[in-house]
Amino acid sequence: MKSLEEFVARKLDTLRDKGLYRRIVTTERRGDGSARREGQHLISFCCNDYLNLSQHPEVKRRAKEAIDRYGVGAGGSRLVTGNHPLFAALEARLARLKGTEDALVFGSGYMANIGIIPALATEADVIFVDEWAHACIFAGARLSHAATHVFRHNDMAHLEELLKAYRAAHPRALVLTDGVFSMDGDLAPLNELVPLAESYDAWLMTDDAHGIGLLGEGRGSSFINGIKADVPLQMGTLSKAIGCYGGYLCASAAVIDFMRNRARSVIFTTGLPPADIAAAIAALDLIEGDAGLRQRPLQKAQLFCRELNLPAPVTCIVPVIVGDPVRAMAASEKLKEQGFLISAIRPPTVPEGTARLRITFTANHRDEDVIRLAAAVRALGFAGAVAP
Ligand SMILES: *Cc1c(COP(=O)(O)O)cnc(C)c1O
């Protein structure tokens with residue numbers, strides 16, 4: 001079809017002109033946390049496998065064992081025949097970790113958000129969402145057809161203004177935010193958000209993709225400083241610190257029962273492969289049993305920030321804001337020449353004018369490599385522009 005080919009060619013040209021063209025580069029990740037890309041050996045500082053559990057011998061062993069016992073694929077939707085026994089074990093573990101009555105595992109974090117949000121909100125309802133929340137939260141909000149109002153990042157006064165103006169006109173309301181913001185590594189102010197959402201009878205959901213396994217004794221962003229924030233809907237992913245694949249929601253027994261009946265991204269899709277579920281359980285065993293492991297990624301980020309005289313980080317995600325996407329690509333290329341894999345993150349993943357290097361630290365990073373990276377980043381001359 002000529003019109004189709006012309007349409008995509010024109011769109012791709014525009015992306016190239018703006019420095020926003022993306023390429024998927026084959027990257028082989030290795031057990032030691034390094035990566036091979038285009039023939040080059042690199043130390044990866046842009047991976048979400050924060051605890052390196054995707055490569056852990058015990059996690060791999062438990063996955064293999066599950067393959068031998070249950071096979072490779074789930075064979076069907078969880079509501080038909082795809083609900084092998086490991087699901088119940090994982091869901092019980094997640095609910096216990098998050099301090100909720102029950103949990104439901106989804107195919108991925110993205111699938112969780114596009115299932116949960118439209119199950120709870122319809123065109124009659126209203127959604128309030130932090131402007132920096134993950135793309136799949138916005139996708140879920142759009143699918144729900146609810147009126148959606150975006151509040152300025154972590155700005156509680158702005159959220160309250162919007163709640164005051166729009167909440168009353170709708171039967172149900174949701175407040176949606178990341179617990180840990182994926183591109184900036186900062187935290188949602190749950191101590192303010194929880195009472196604010198509650199006072200407007202709005203249901204708060206936090207996306208804790210980057211919190212579970214790391215913060216609050218591994219229990220996530222709702223458990224910082226030993227206090228449990230009363231978040232009724234805690235969702236997250238098994239694909240980051242857990243090192244596997246899949247999403248989850250932890251909530252009351254009734255909410256989870258409702259999701260089994262109404263979340264379309266659970267009902268009309270095949271269950272996760274048994275090996276993945278077994279691996280996630282093995283990863284949780286390791287996380288719960290090793291406080292030292294959980295703390296290591298943040299310690300590496302702290303070392304990096306000390307080296308560069310940057311404010312102390314609160315998570316192991318440290319953004320170095322460059323601004324212009326073409327300059328961000330050039331900076332990433334320069335670091336690659338020195339053996340560091342750090343992808344440039346550009347709009348629309350991050351707001352216009354904030355293209356960046358998103359540096360993430362993992363448990364296995366060696367201190368000398370962190371120090372060497374800090375020197376390389378200092379030499380780029382952007383370090384003064386790091387977000388607080
Ligand atoms: C990665 C991420 C997701 C998506 O999770 P997947 O399991 O990779 O689909 C959702 N929310 C946030 C905040 C994320 O960082």
Side-chain angles (χ1 to χ4, degrees), residues 78 83 85-121 133-134 136-137 140 172-180 187-191 193-198 201-242 244 246-263 265-267 271-272 277 280-281 283-285 287-289 294:
R78 292 188 56 193
N83 198 44
L86 290 165
F87 270 110
L90 176 58
E91 287 170 346
R93 288 295 292 273
L94 287 167
R96 192 181 79 195
L97 186 69
K98 294 285 188 177
T100 58
E101 288 173 352
D102 207 351
L104 180 64
V105 167
F106 291 75
S108 71
Y110 199 107
M111 299 234 307
N113 276 332
I114 62 170
I116 297 162
I117 300 166
L120 293 172
H134 193 268
C136 60
I137 292 184
R172 287 162 298 270
L174 281 172
V175 174
L176 308 175
T177 185
D178 290 13
V180 176
L187 305 175
L190 294 185
N191 55 341
L193 254 176
V194 168
L196 182 56
E198 201 168 289
D201 189 25
W203 306 331
L204 175 63
M205 183 177 82
T206 54
D207 178 336
D208 210 28
H210 301 274
I212 189 169
L214 300 165
L215 302 176
E217 297 175 325
R219 306 178 75 187
S221 61
S222 298
F223 295 86
I224 290 172
N225 300 329
I227 303 159
K228 184 183 182 221
D230 198 4
V231 179
L233 301 159
Q234 301 181 66
M235 72 73 58
T237 172
L238 306 172
S239 64
K240 284 151 190 173
I242 315 281
C244 300
Y248 64 83
L249 174 68
C250 294
S252 70
V255 166
I256 295 302
D257 202 24
F258 177 73
M259 287 297 156
R260 281 188 208 108
N261 284 275
R262 274 287 179 272
S265 60
V266 170
I267 299 169
L272 281 166
I277 304 295
I281 296 170
L284 286 171
D285 286 344
I287 288 168
E288 290 185 68
R294 301 191 300 256

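No hydrogens, no waters, no symmetry mates; every other heavy atom, side chains included, goes into these values.
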Residues Thr237 and Ile212: closest non-hydrogen pair is O-CG2, 3.8 Å
So, taking the atom named OG in Ser108 and the one named CD1 in Ile114, what distance separates them when rounded to the nearest 0.5 Å? 7.0 Å
Is there a donor-acceptor pair under 3.5 Å between the side chain of Gln234 and the backbone N or O of Ser222? no
Separation between CG (Asn113) and OG (Ser265), nearest 0.5 Å, reads 9.0 Å
Working for side chain to side chain contact (heavy atoms under 4.5 Å, CB included), residues Asp102 and Arg260: CA-CA 11 Å; Asp102 207 351; Arg260 281 188 208 108; 2.8 Å; yes
Could you tell me whether the side chain of Arg172 reaches within less than 4.5 Å of the side chain of Trp203, counting heavy atoms only? yes
With Leu187, which of Thr206, Thr177, Val180 fulfils side-chain contact (heavy atoms from CB on, under 4.5 Å)? Val180
Could you give the distance from CD1 (Ile287) to CG (Leu97), rounded to the nearest 0.5 Å? 8.0 Å
Would you give the length of the straight line joining atom CG of Asn225 to atom CD of Glu217, rounded to the nearest 0.5 angstrom? 10.5 Å
Can you confirm whether Leu249 sits close enough to Val255 that some side-chain heavy atom of one is under 4.5 Å from a side-chain heavy atom of the other? yes
Under 3.5 Å, side chain of Lys228 to main-chain N/O of Gly99, donor-acceptor pair present? yes
For His210 and Lys240 the tightest heavy-atom approach is CE1-CD, 3.6 Å
Are the side chains of Asp208 and Tyr248 in touch, meaning some heavy atoms are under 4.5 Å apart? yes
With a 4.5 Å heavy-atom cut-off, do Leu120 and Met259 have their side chains touching? yes
Carefully, step by step, assess Glu91 and Ile256 under the rule side chain to side chain contact (heavy atoms under 4.5 Å, CB included). CA-CA 11 Å; Glu91 287 170 346; Ile256 295 302; over 6 Å; no
So do Val194 and Leu204 actually touch side chain to side chain, heavy atoms under 4.5 Å? yes
Value for CG (Asp230) from CG (Leu193), rounded to nearest 0.5 Å, stands at 13.0 Å
Asp178 side chain vs His134 backbone, donor-acceptor pair below 3.5 Å: yes
Report yes if the side chains of Phe106 and Met235 come closer than 4.5 Å at any heavy-atom pair, otherwise no. no
If you round to the nearest 0.5 Å, how far is CD1 of Ile117 from CG of Leu176? 5.0 Å
Do the side chains of Leu94 and Leu284 get nearer than 4.5 Å, heavy atoms only? yes
